[in-house]
Amino acid sequence: MSSAFEANCDGLVGPTHSYVGLSPGNLASTKNAGEVSNPRGAALEGLLKMRRLADLGIPQFVLPPHERPAVSLLKSLGFSGSDETVIETAWKDAPALAAAACSASPMWAANAATVTPSADAGDGRVHLTPANLLTNLHRSLEGPQTTRALRRLFPDESRFAVHDPLPAQPHFADEGAANHVRLCAEHGAPGVNLFVWGREAWGHWDGRFPARQTREAFEAIQRRHGAARAVFPQQGKAAIEGGAFHNDVVCVGTRECLFFHERAFEDRALTEREVRTAAEDLFEPAFVEVSEAELPMADLVASYLFNSQLLVVPGEDRLVLLAPAETRDNPNAFAVAEGLASSNGPIGRVEYVDVRQSMRNGGGPACLRLRVVLTDDELEATNPAQRFTPGLHTTLADWITRRYRDRLAPADLADPLLLTESREALDELTTILDLGGGFYPFQR
Ligand code: SUG
């Protein structure tokens, strides 16, 4: 076993960050539809969160935003003419399609891919399957560009296998690492992989909100990656009904600790038994459960307590929970969070981070990052220009301040100037992050 780290790859918020209400079952997205957003503020908040991690000594990377508006989607749906005409006509004739083409949703990198570290993979490489995200139209556009971005960040095929997304078919609906948890004794040691699914491909789903992850999608990913010690718990139906559209809204885990709400799993006792069996000879799992009485679902969704980053911080024995500021604002969630630190459990302290712009679309600190466990040698083999450093922070903050608007109403998405501004910004970013030629569709 070599030493290994859990690197975090955060999605940089794009210039079209907006509140259009595109995600049914994501209560924040629905509630804030029509509000004015601040793309510049959102992107700067994201950078500050990356800085917090980097300052704690945790490897941090930047994933680039995608090209939006996605003119190619609108063209494929029959809108024609110049790019400006396509956008203008689409907003006039089919505003729901136009809005979907504008979302900055690739910022939520927890949905970028499912990752199996080399310690768990059949062939000793790091495996990544980009998510097809096909439950929501605006997110179903992400897979191909995410694949390109991950191949740029992890270019060495002898160490990394970046697969294609699963077939774009409802049987294989896949939302990536937001529904995957890995537990272990320490990052470089073999782990237990929890693949949490919401519905079965051939089953009947009658929930009020969509179940976005199928069991069959995760079984395929587990086979592709050769992921060891896999368990497949069912997501709690009551959690999805209550607004937890991904498992990472009700559960977070790292090292030996699974921190979760009592509604997280459909069969909580079975999940615990299966995890214990899979962990045998490796480590003793610690189940830290919060009851509905302590934290009702409504407070859970408002506070996003479980959408925190649970971190192994160099030099600290116990884990650190990096929670959204909304957790501090919610009395019930705050009491639970502070209670963790004062108990003698695996979580030693809680910090809070302000990602309010993202939170208003239902994306907390954990949604903004993709965790990739890497050995020293694997870390060395990544694209160095995407490694977050204080220098890159300064460069990106300057780029955002020059290039992003600080006010974007949904109606502004129809402004053809926004397309030009976004493309110019992304063109410059291609150089900053050394993304290579033809990275974006407009550059090809
Ligand atoms: O898929 N929101 C995202 C939030 C993703 C959060 N990710 C995790 N839980 N890992 C989603 O629902 C809203 C976009 C809008 O409404 O404009 C959106 O896509």
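Starting from 1, each residue takes its place in the sequence as its number. Each ligand, and each atom within it, is numbered from 1 in the order the structure gives.
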Look at the aromatic rings of [X] and [Y] and report parallel, tilted or perpendicular, splitting at 30° and 60°.
X      : Y      : result
Phe160 : Phe154 : tilted
Phe195 : Phe232 : parallel
Tyr440 : Phe442 : parallel
His127 : His225 : tilted

Counting only heavy atoms closer than 4.0 Å, does ligand 1 sit against the backbone of [X], its side chain, both, or neither?
X      : result
Asn111 : side chain
Asp248 : side chain
Phe245 : side chain
Asn361 : both

Quick one: which ligand 1 atoms are inside 4.0 Å of a heavy atom on [X]?
X      : value
Trp108 : 2 (N), 3 (C), 4 (C), 5 (C), 18 (C), 19 (O)
Leu22  : 15 (C), 16 (O), 17 (O)
Ala178 : 10 (N)
Ala110 : 10 (N)
Gly362 : 4 (C), 6 (C)
Ser29  : 13 (C), 15 (C), 16 (O)
Ser23  : 2 (N), 11 (C), 12 (O), 13 (C), 16 (O), 18 (C), 19 (O)
Asn26  : 2 (N), 3 (C), 4 (C), 11 (C), 12 (O)

Evaluate side-chain hydrogen bond (donor to acceptor under 3.5 Å, both in side chains) for Asn307 paired with Asp248, printing each intermediate quantity in order. CA-CA 6 Å; Asn307 203 258; Asp248 68 4; 3.3 Å; yes
Option of least heavy-atom distance to atom 1 (O) of ligand 1 (set: His138, Arg212, Glu175):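 Considering heavy atoms of His138, Arg212, Glu175, the nearest to atom 1 (O) of ligand 1 sits in Arg212.
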Of the choices Arg139, Lys31, Met359, which has the non-hydrogen atom that lies closest to atom 5 (C) of ligand 1?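 Answer by nearest heavy atom: Arg139.
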For atom 8 (C) of ligand 1, grab the closest protein heavy atom and report residue, atom and distance to one decimal in Å.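 Its nearest protein heavy-atom neighbour is Cys367 SG, 2.8 Å.
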Polar proximity ligand 1 side, Asn136 side, N/O cut 3.5 Å exclusive: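 Between Asn136 and ligand 1 (N or O atoms, distance only) the closest approach is not under 3.5 Å.
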What do you reckon, does Ser103 have a nitrogen or oxygen under 3.5 Å from a nitrogen or oxygen of ligand 1?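 The answer is no, given that Ser103 and ligand 1 share no N or O pair closer than 3.5 Å.
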Within 45° cone and under 6.0 Å: Arg152 NZ/CZ vs Phe439 ring: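 No, Arg152 does not lie over the aromatic ring of Phe439.
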Can you find a heavy atom in the side chain of Phe259 that is under 4.5 Å from one in the side chain of Val290?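 Yes, at least one pair of side-chain atoms sits under 4.5 Å.
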Going by heavy atoms in the side chains, are Glu292 and Arg263 under 4.5 Å from each other?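 In contact.
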Hey, could you give me the CG/CG distance between Leu134 and Leu141, rounded to the nearest 0.5 Å?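 Answer for the CG-CG pair, Leu134 versus Leu141, is 11.5 Å.
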Residue pair Arg151, Asp164: steps toward the salt bridge (Lys or Arg N to Asp or Glu O under 4.0 Å) verdict: CA-CA 10 Å; Arg151 288 187 179 145; Asp164 286 328; 3.2 Å; yes
Test item: Ser105 side-chain N/O and Arg139 main-chain N/O as donor-acceptor pair under 3.5 Å: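 Absent.
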